[in-house]
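The block underneath contains the structure these notes are about, expressed in structure tokens.
All ligand and atom numbering here is 1-based and tracks the order in the structure. None of the values given here were measured: they were computed from a predicted structure.
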Amino acid sequence: MSSLETELEYRLAELDKAHLLRHLRVIGSPQATEVEINGKALLNFSSNDYLGLASHPMLKEEAEKAIRQWGTGSGASRLICGSLKLHHELEETLAAFKGAEAAIVFSSGYATALGVITALIGKSDFAIIDKLVHASIVDAARLSGATLRIFDHNDLADLEKTLQWVDRKKQSEIGARQQTLIITETVFSMDGDIAPLKQIVELKEKYGAWLMVDEAHATGLLGKNRSGLVEAEGLTGRVEVQMGTLGKAVGSAGGYVAGSRRLIDYLINKARSFIFSTAPVPAQSAAALAGIRLIQSAEGAALVQVCFARVEQFRRDLAGTGLQTSGQTPIQPIIIGDEQKALWVGASLREKGFLAPAIRYPTVARGAARLRVTFSATHTENQVRQLTHALVEAIA
Ligand SMILES: *Cc1c(COP(=O)(O)O)cnc(C)c1O
């Protein structure tokens with residue numbers, strides 16, 4: 001074996017020993033409530049397709065039309081020759097949806113976080129992030145070279161302490177133009193809980209910091225117009241940078257930022273994952289555009305209502321079984337703790353016909369392994385009831 005192969009064999013064995021080895025499961029069916037894995041039909045309680053838009057006839061139709069009109073590829077990056085009218089239409093629709101002046105789309109949410117954060121802050125600045133933010137934000141904050149500080153999850157007192165620490169640091173280095181960017185998620189991806197956004201906005205205003213929120217799991221679900229927590233809390237106009245993904249409730253793929261016209265003009269010039277990457281493909285942008293429009297329609301309102309009704313039912317069904325969950329959203333974590341036990345419970349559920357896989361380190365902290373159960377408007381009451389029974393049996 002070559003040196004690389006020997007080393008990789010060793011590293012994979014180490015992961016396996018720690019019950020942290022992962023592999024891909026091939027799905028032979030479209031994303032839907034029922035998926036087929038290795039020829040076995042499973043009820044899917046693990047997707048982020050909260051409204052069932054990933055297989056919605058209208059989105060499929062719009063994606064097909066876009067391929068016929070625009071082709072399959074976008075040709076180049078947006079600044080070279082890939083800035084299709086379709087992308088601009090999507091951005092205008094997104095800006096209006098988010099109550100912002102402008103928006104810009106990226107090929108993924110991960111690329112969005114990377115491009116935006118590294119464009120906004122650098123070596124002389126400070127990044128303050130919630131302990132549980134998504135890996136894309138952690139990676140971006142590190143890559144930016146800014147001084148990175150982490151505050152305890154949703155802990156306002158710890159956030160304020162951190163802001164005071166940064167203030168003291170800044171005073172000791174007068175002269176430099178040092179900025180502070182606070183970054184949090186609005187709905188947390190692995191815990192399903194909600195950030196105290198109003199108070200975070202008040203703190204960032206008090207300390208003169210900037211705020212960026214990742215609405216990946218709130219977009220399409222929260223607020224009267226279903227645009228996210230910023231809208232639900234009446235904070236439109238008070239958050240500098242609103243980011244999210246088009247790959248979850250919106251039913252397509254890609255990421256976006258919404259904010260001031262000046263912010264977007266700046267990102268077009270400085271966000272490297274935007275500048276040096278091929279534009280999103282037409283089918284993806286057309287499906288996202290249809291998804292945003294559908295979310296704003298009466299059908300979107302009805303789908304959100306059904307999705308939350310399933311969550312409420314699950315919480316009612318679970319009460320009295322001894323199992324606990326804490327999420328206030330379609331993300332309902334069942335904390336198991338031990339990685340090996342979580343894997344075992346996930347496997348046992350799979351045998352019973354349910355897909356709700358174990359989530360382990362490094363996606364969540366060591367010893368905080370869990371089943372991440374997610375609900376969609378496409379689940380029936382009966383399917384939710386079946387899941388509860390299977391969960392109780394698998395964990396007992
Ligand atoms: C999924 C997710 C992302 C990444 O978005 P993609 O479009 O999947 O790359 C970023 N932030 C959060 C909080 C997410 O859950």
**Message:** Using a strict threshold of under 4.0 Å (side-chain N to carboxylate O), is an ion pair present between Arg11 and Glu5?
**Reply:** no
**Request:** Among all protein heavy atoms, pick out the one at the shortest distance from atom 12 (C) of ligand 1; state its residue, atom name and that distance to 0.1 Å.
**Result:** Asp214 OD2, 3.3 Å
**Message:** Run the side-chain contact (heavy atoms from CB on, under 4.5 Å) test on Val166 and Lys170 for me, step by step, so that the C-alpha distance in whole Å, both residues' side-chain angles and the decisive distance to 0.1 Å come before the verdict.
**Reply:** CA-CA 6 Å; Val166 167; Lys170 280 183 183 172; 3.8 Å; yes
**Asked** For Thr245, is at least one N or O under 3.5 Å away from an N or O on ligand 1?
**Response** yes
**Asked** Hey, mind stepping through Leu159 and Ile182 against side-chain contact (heavy atoms from CB on, under 4.5 Å) and telling me if it holds?
**Response** CA-CA 9 Å; Leu159 171 59; Ile182 301 170; 4.3 Å; yes
**Asked** Which atoms from ligand 1 have a heavy atom of Gly254 less than 4.0 Å away?
**Response** 7 (O)
**Prompt:** Which residue holds the protein heavy atom closest to atom 3 (C) of ligand 1, what is that atom called, and what is the gap in Å?
**Reply:** His134 CE1, 3.5 Å
**Request:** Please say whether the positively charged group of Arg366, taken as NZ for Lys or CZ for Arg, lies over the ring of Tyr361, i.e. under 6.0 angstrom from the six-membered ring centre and within 45 degrees of the axis.
**Result:** yes
**Message:** Please verify the inter-ring angle class for Phe314 with Phe375; under 30° counts as parallel, over 60° as perpendicular, anything in between as tilted.
**Reply:** tilted
**Asked** Considering only heavy atoms of His217, which atoms of ligand 1 have at least one such atom less than 4.0 Å away?
**Response** 14 (C), 15 (O)
**Asked** Looking only at distance, does Ala216 have an N or O less than 3.5 Å from an N or O of ligand 1?
**Response** no
**Asked** Short list, please: which atoms of ligand 1 are under 4.0 Å from a heavy atom of Ser108?
**Response** 7 (O), 9 (O)
**Request:** May I ask you to test the His87-Leu90 pair for a side-chain heavy-atom distance under 4.5 Å?
**Result:** no
**Prompt:** How are the rings of His153 and Phe188 set to each other: parallel, tilted or perpendicular (split at 30° and 60°)?
**Reply:** perpendicular
**Prompt:** Side chains of Leu235 and Lys198: does their closest heavy-atom pair fall under 4.5 Å?
**Reply:** yes
**Message:** As an exercise, identify every atom of ligand 1 less than 4.0 angstrom from a heavy atom of Ser189.
**Reply:** 15 (O)
**Prompt:** Any N or O of Glu185 that comes nearer than 3.5 Å to an N or O of ligand 1?
**Reply:** no
**Request:** Return the residue, atom name and 0.1 Å-rounded distance of the protein heavy atom closest to atom 4 (C) of ligand 1.
**Result:** Tyr110 N, 3.6 Å
**Message:** Under the side chain to side chain donor-acceptor pair (under 3.5 Å) test against Thr186, which residue among His217, Glu233, Glu215 passes?
**Reply:** Glu215
**Prompt:** Are Ala113 and ligand 1 in contact, using a heavy-atom cut-off of under 4.0 Å?
**Reply:** no
**Request:** For atom 2 (C) of ligand 1, find the nearest protein heavy atom and state the residue, atom name and distance (0.1 Å precision).
**Result:** Lys248 NZ, 2.4 Å
**Asked** What is the nearest protein non-hydrogen atom to atom 5 (O) of ligand 1, stated with its residue, atom name and distance?
**Response** Gly109 CA, 3.3 Å
